[in-house]
Amino acid sequence: MFMMEAKRIITVIIGAFLLAVSLNFFLITANVYASGFAGAAQLLSSVFQDFLGMNIGTGIFLLLLNIPVFILGWFKVGKGFTIYSGISVVFSTIFLEFMPIIALSNDIMLNAVFGGVIAGAGIGISLKIGASTGGMDIIAMLLSRMNDKPVGTYLMALNGIIILLAGVLYSAENALYTLIALYATTKIIDMIHTRHVKLTAMIITQKPEEMQQAIHNRFIRGITFLPAQGAYSKIEKKMVYLVLNRYELYDVEKIIKEVDPEAFTNVVETTAVYGYFRKD
């Protein structure tokens, strides 16, 4: 258990480091903006410096933006997700404030692509272990639960505001290159984690009751038991069938390994859910 949690924290820190690298070495000097709260913090830092003459780092704004969102996420999204996301933001702030801002290239296209790819890698590995790199994921999740629309729709809308402001405050070219960076980030996240918000897990196990109890100890989800039998072994088992969101995938994988390491699990994308589905 300790080693698993230590690995999770180390992964979160690596994700935070990669996000800081993408900003300080590529995106900030090119005035190309990252996705999520990192991009919002970056834009605020630029506005305060260019229009108000106040030099406030991107990391400071990232931390300030996330504080109220994490308080909300603690009660509405989940304590585990919020704690690890908080660790990510704290280390992102430290790296952003103490790492130098260096222009590795003067080519804005190279900065947009490489900055977007590295940011996507940092966000992707954080999502894969059940955390995020900022509060925009939490806001999008809460809006999705309130209106039953895909999380991606709200992330796109929130990022669209960043792109629009970049175009208005600076230039249309900056906004267009920001689009390229966001596209690169999204593609890398899809490769590392998953682009699907809702997933279906089918777990074939001889310990269905223990599996159900362990899952419900972590979060509330409707679970269905279906009879199953091994075609070769003829051993009677049960299928534990549940729909979850992508932020819960890491926790489910961890539970399966703890309860029944020999369980056979198939996780597939879920394009739509009809009927009663517990969202909180």
Side-chain angles (χ1 to χ4, degrees), residues 10-67 69 85-126 131-137 158-159 161-189 192:
I10 291 170
T11 304
V12 166
I13 294 172
I14 292 171
F17 175 76
L18 290 174
L19 180 65
V21 167
S22 75
L23 287 164
N24 282 14
F25 293 173
F26 296 97
L27 299 179
I28 289 177
T29 55
N31 272 338
V32 176
Y33 297 93
S35 65
F37 269 21
Q42 186 185 349
L43 186 61
L44 282 171
S45 179
S46 298
V47 168
F48 269 72
Q49 183 172 359
D50 296 340
F51 296 97
L52 301 176
M54 300 172 63
N55 189 15
I56 303 175
T58 300
I60 300 299
F61 279 115
L62 181 63
L63 183 62
L64 293 175
L65 286 171
N66 275 287
I67 289 172
V69 177
S85 299
I87 293 171
S88 174
V89 169
V90 168
F91 276 94
S92 294
T93 298
I94 293 170
F95 290 135
L96 284 166
E97 290 304 304
F98 288 97
M99 286 171 56
I101 297 175
I102 301 172
L104 296 183
S105 172
N106 294 321
D107 189 318
I108 191 169
M109 176 64 81
L110 287 177
N111 283 315
V113 172
F114 278 93
V117 166
I118 295 170
I123 296 169
I125 64 173
S126 297
S132 77
T133 53
M136 195 168 284
D137 275 347
L158 293 168
N159 282 320
I161 295 171
I162 296 173
I163 295 168
L164 180 63
L165 289 173
V168 171
L169 295 173
Y170 292 96
S171 70
E173 185 178 66
N174 289 99
L176 293 173
Y177 281 113
T178 297
L179 270 175
I180 293 172
L182 294 179
Y183 179 80
T185 297
T186 302
K187 286 299 178 182
I188 296 300
I189 292 172
I192 294 174

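Every value quoted in this text rests on a predicted model; they were computed, and no experiment measured them.
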Do Ile162 and Asn159 pass the side chain to side chain contact (heavy atoms under 4.5 Å, CB included) test, and can you show the C-alpha distance, the side-chain angles, and the key distance before you say yes or no?
CA-CA 5 Å; Ile162 296 173; Asn159 282 320; 4.0 Å; yes
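- Within the 4.5 Å cutoff, side-chain heavy atoms of Val89 are placed close to those of Leu63.
- Summarising the geometry of Val32 relative to Tyr177, their closest heavy-atom pair is CG1-O, 3.6 Å, with the distance given to 0.1 Å.
- Judged by distance alone, the side chain of Ser22 and the main-chain N or O of Gly116 form no donor-acceptor pair under 3.5 Å.
- Leu182 approaches Ala34 most closely through the heavy-atom pair CD2-C, 3.7 Å.
- For the pair Ser46 and Tyr33, the minimum side-chain heavy-atom distance is below 4.5 Å.
- In this structure, the separation between CZ on Phe91 and OG1 on Thr93 is 11.0 Å, given to the nearest 0.5 Å.
- When all heavy atoms of Leu65 and Phe37 are compared, the pair lying nearest together is O-CE2, 3.4 Å.
- To the nearest 0.5 angstrom, Ile102 atom CD1 is 11.5 Å from Ile28 atom CD1.
- Asn24 places a side-chain N or O within 3.5 Å of a backbone atom of Met99 that can act as its donor or acceptor partner.
- For the pair Asn111 (side chain) and Ser105 (backbone), a donor-acceptor distance under 3.5 Å is present.
- Taking CG of Leu23 as the start and OG1 of Thr29 as the end, the distance is 10.0 Å to the nearest 0.5 Å.
- Heavy-atom minimum distance, Ala20 versus Ser92: CB-O, 4.5 Å.
- To the nearest 0.5 Å, atoms OG1 (Thr186) and CD1 (Ile123) are separated by 8.5 Å.
- Minimum heavy-atom separation, Asn174 to Asn31: ND2-O, 2.8 Å.
- When the ring-ring contact (aromatic ring centres under 6.0 Å, His included) test is applied to Phe48, the partners found at least two apart in sequence or on another chain are Phe61.
- Thr58 pairs in a side-chain contact (heavy atoms from CB on, under 4.5 Å) with only one of the listed residues (Leu96, Leu27, Ile101), which is Leu96.
- Residues passing the ring-ring contact (aromatic ring centres under 6.0 Å, His included) test with Phe95 are Phe17, sequence neighbours excluded.
- Heavy-atom neighbours of Phe25 CZ from other residues, nucleotides or ligands within 6.0 Å: above the threshold of 12.
- For the atom pair CG of Asp50 and CG of Asn55, the computed distance is 10.0 Å after rounding to the nearest 0.5 Å.
- Annotation: side chain of Ile87 is not in contact with side chain of Val90 (no heavy-atom distance under 4.5 Å).
- No side-chain heavy atom of Asp107 sits under 4.5 Å from any side-chain heavy atom of Phe114.
- Under the 4.5 Å side-chain criterion, counting only non-hydrogen atoms from C-beta, Leu165 is not in contact with Val47.
- Note that CD1 of Ile13 and OG of Ser126 are 10.5 Å apart. Values are rounded to the nearest 0.5 Å.
- Scanning all heavy atoms of the two residues, the minimum distance from Ser45 to Ile56 falls at OG-O, 2.6 Å.
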